[in-house]
Asks: 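Provided herewith is a single structure, encoded as structure tokens, for subsequent inquiry.
Just so it is clear, the values below take in all heavy atoms, side chains as well, and ignore hydrogens, waters and symmetry mates.
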2 protein chains.
Amino acid sequence: MERASTSKKDLQLAAYAKALAHPTRIAILNYLEKQSSCFTGDLVIVFPLAQSTISQHLKELKKAGLIQGELKPPKTKYCIHQKNWKIAKELFQQFFD
Amino acid sequence: MERASTSKKDLQLAAYAKALAHPTRIAILNYLEKQSSCFTGDLVIVFPLAQSTISQHLKELKKAGLIQGELKPPKTKYCIHQKNWKIAKELFQQFFD
DNA sequence: TATCCCTATCGTAAAATTACGATGAGCATG
DNA sequence: CATGCTCATCGTAATTTTACGATAGGGATA
């Protein structure tokens, strides 16, 4: 019986899955897909959560690479990170066959 | 500005993502896809983790509905829950467009 | 009936996640 | 230069996750 190794792909997929593992983050991404971009403040209005909580979720999504932020002082404009989005999409596709 | 509601689909997708949000669980599912089925003990040999830890991961996967267990005393045989697997696959597909 | 296998569950500790209010930093505008 | 707006970060508390060893239970076999 062979020892299972945890591949880079497994780790990456798990990291993406972790970013998606919260309903609010799913909803934020859905929102971003519809709107193509938005400011933090928009989400604070749309979601019944504190501003700091929204910011924290955005941070998680950025850490995973699924979104990117652009400074538009005094606001921050977020949008989907298309390149990584595609990578994630393909990893999930492969995973599910 | 409209209030975002968290739909059933969002919740279900987040739940599946949560189940996939750990490298070991990804690896277990990969293993199950290859072998089509396995016993808990197989995984204990294959992965460098305690038996109770493996059991806990299996429990998480079962809770999410991605696998199912069948008693084959004194063993337990696990396999992918095909129906839910397909549902998960489609949810991720839809999500990524 | 007693014993043996295998696995689930319990108890527990450390770490991570999630939420909030408060604070601080960055950059326009007055 | 001071003010105001927006957002990130800090500090913190409650909960959840992850890991382990130890224990319990279910069903064969002797």
Asks: Does a donor on one side chain and an acceptor on the other come within less than 3.5 Å for Gln93(B) and Lys89(A)?
Replies: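 Their side chains do not contain a donor-acceptor pair, so the 3.5 Å distance test is not met.
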
Asks: Under 4.5 Å between side-chain heavy atoms, counting indirect links through other Ile/Leu/Val/Met/Phe/Trp/Tyr residues: same cluster for Phe39(B) and Ile54(B) or not?
Replies: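 Cluster IDs for Phe39(B) and Ile54(B) differ.
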
Asks: Does Lys18(A) put a side-chain nitrogen or oxygen below 4.0 Å from OP1 or OP2 of dT17(C)?
Replies: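 Yes, such a contact exists.
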
Asks: Using whole Å, report how far CZ of Phe47(A) lies from P of dT18(C).
Replies: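 Rounded to the whole Å, the gap is 15 Å.
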
Asks: Rounding to an integer number of Å, can you tell me how far Ile28(A) CD1 sits from dC7(D) C1'?
Replies: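 It works out to 14 Å between those atoms.
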
Asks: Does anything in residues 48-82 of chain B form a ring pair (Phe, Tyr, Trp, His ring centres under 6.0 Å)? List the pairs, not counting sequence neighbours.
Replies: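 Qualifying pairs, neighbours excluded: His22(B)-His57(B).
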
Asks: Whole Å only: how far is the CD1 atom of Ile45(B) from the C1' atom of dC6(C)?
Replies: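 One finds 12 Å between C1' of dC6(C) and CD1 of Ile45(B), rounded.
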
Asks: Of all of residues 75-82 of chain A, which get a heavy atom below 4.0 angstrom from DNA chain D, listed by number?
Replies: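 Per residue number, the list reads Lys75(A), Thr76(A), Tyr78(A).
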
Asks: Taking the nucleotide of DNA chain C with the nearest heavy atom to each, does Ala50(A) or Pro73(A) sit closer to the 5' end?
Replies: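 Nearer the 5' end of the strand: Ala50(A).
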
Asks: First locate atom CD1 of Ile67(B), then atom CH2 of Trp85(B), and finally report the distance between them rounded to the nearest 0.5 Å.
Replies: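 It is 10.0 Å, given to the nearest 0.5 Å.
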
Asks: Ignoring hydrogens and angles, tell me if any N or O in the side chain of Arg25(A) forms a donor-acceptor pair with the backbone of Ala19(A) under 3.5 Å.
Replies: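 Yes: the side chain of Arg25(A) pairs with the backbone of Ala19(A).
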
Asks: Within the structure shown, what part of the strands sits under 4.0 Å from Pro74(B) by heavy-atom distance: base, sugar-phosphate, or nothing?
Replies: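 It contacts base atoms.
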
Asks: Specify the separation, in whole Å, of atom CG of Leu58(A) and atom P of dT6(D).
Replies: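 Going from CG in Leu58(A) over to P in dT6(D) covers 16 Å.
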
Asks: Could you tell me how far apart Gln56(B) (CD) and dG11(C) (C1') are, to the nearest whole angstrom?
Replies: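 About 11 Å, once rounded to whole Å.
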
Asks: Does His57(A) place a side-chain N or O at less than 4.0 Å from the phosphate oxygens OP1/OP2 of dT17(C)?
Replies: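 Answer is no, no contact under 4.0 Å.
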
Asks: Has Thr40(B) got a side-chain N or O lying under 4.0 Å from the OP1 or OP2 atom of dA8(C)?
Replies: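 Indeed, a polar side-chain atom of Thr40(B) lies that close.
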
Asks: Looking at every heavy atom in both Ala14(A) and Ile26(B), which two are closest together, and how far apart are they?
Replies: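 Taking every non-hydrogen atom into account, CB-CG1, 4.1 Å.
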
Asks: Separation of His22(A) atom NE2 from dA16(C) atom P, in whole Å?
Replies: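 Those two atoms, NE2 and P, are 18 Å apart.
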
Asks: From CD1 of Ile54(A) over to P of dT6(D), roughly how many Å is that when rounded to an integer?
Replies: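 Whole-Å distance recorded here is 16 Å.
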
Asks: Find the distance Glu70(A):CD to dG26(C):P and express it as a whole number of Å.
Replies: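 Glu70(A) atom CD is separated from dG26(C) atom P by 19 Å.
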
Asks: Looking across every strand, which nucleic acid part, if any, lies under 4.0 Å from Glu60(A) by heavy atom: base, sugar-phosphate, or nothing?
Replies: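 Result for Glu60(A) = nothing.
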
Asks: With a 4.0 Å limit, can you tell me whether Thr53(B) has a side-chain N or O closer than that to the phosphate oxygens OP1/OP2 of dC20(D)?
Replies: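 For dC20(D), OP1 or OP2 has a side-chain N or O of Thr53(B) closer than 4.0 Å.
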
Asks: Base, sugar-phosphate or nothing for Gln51(A)? Non-hydrogen atoms, less than 4.0 Å.
Replies: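 Result for Gln51(A) = base.
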
Asks: Between Lys75(A) and Thr40(A), is any pair of side-chain heavy atoms under 4.5 Å apart?
Replies: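 Side-chain contact under 4.5 Å: no.
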
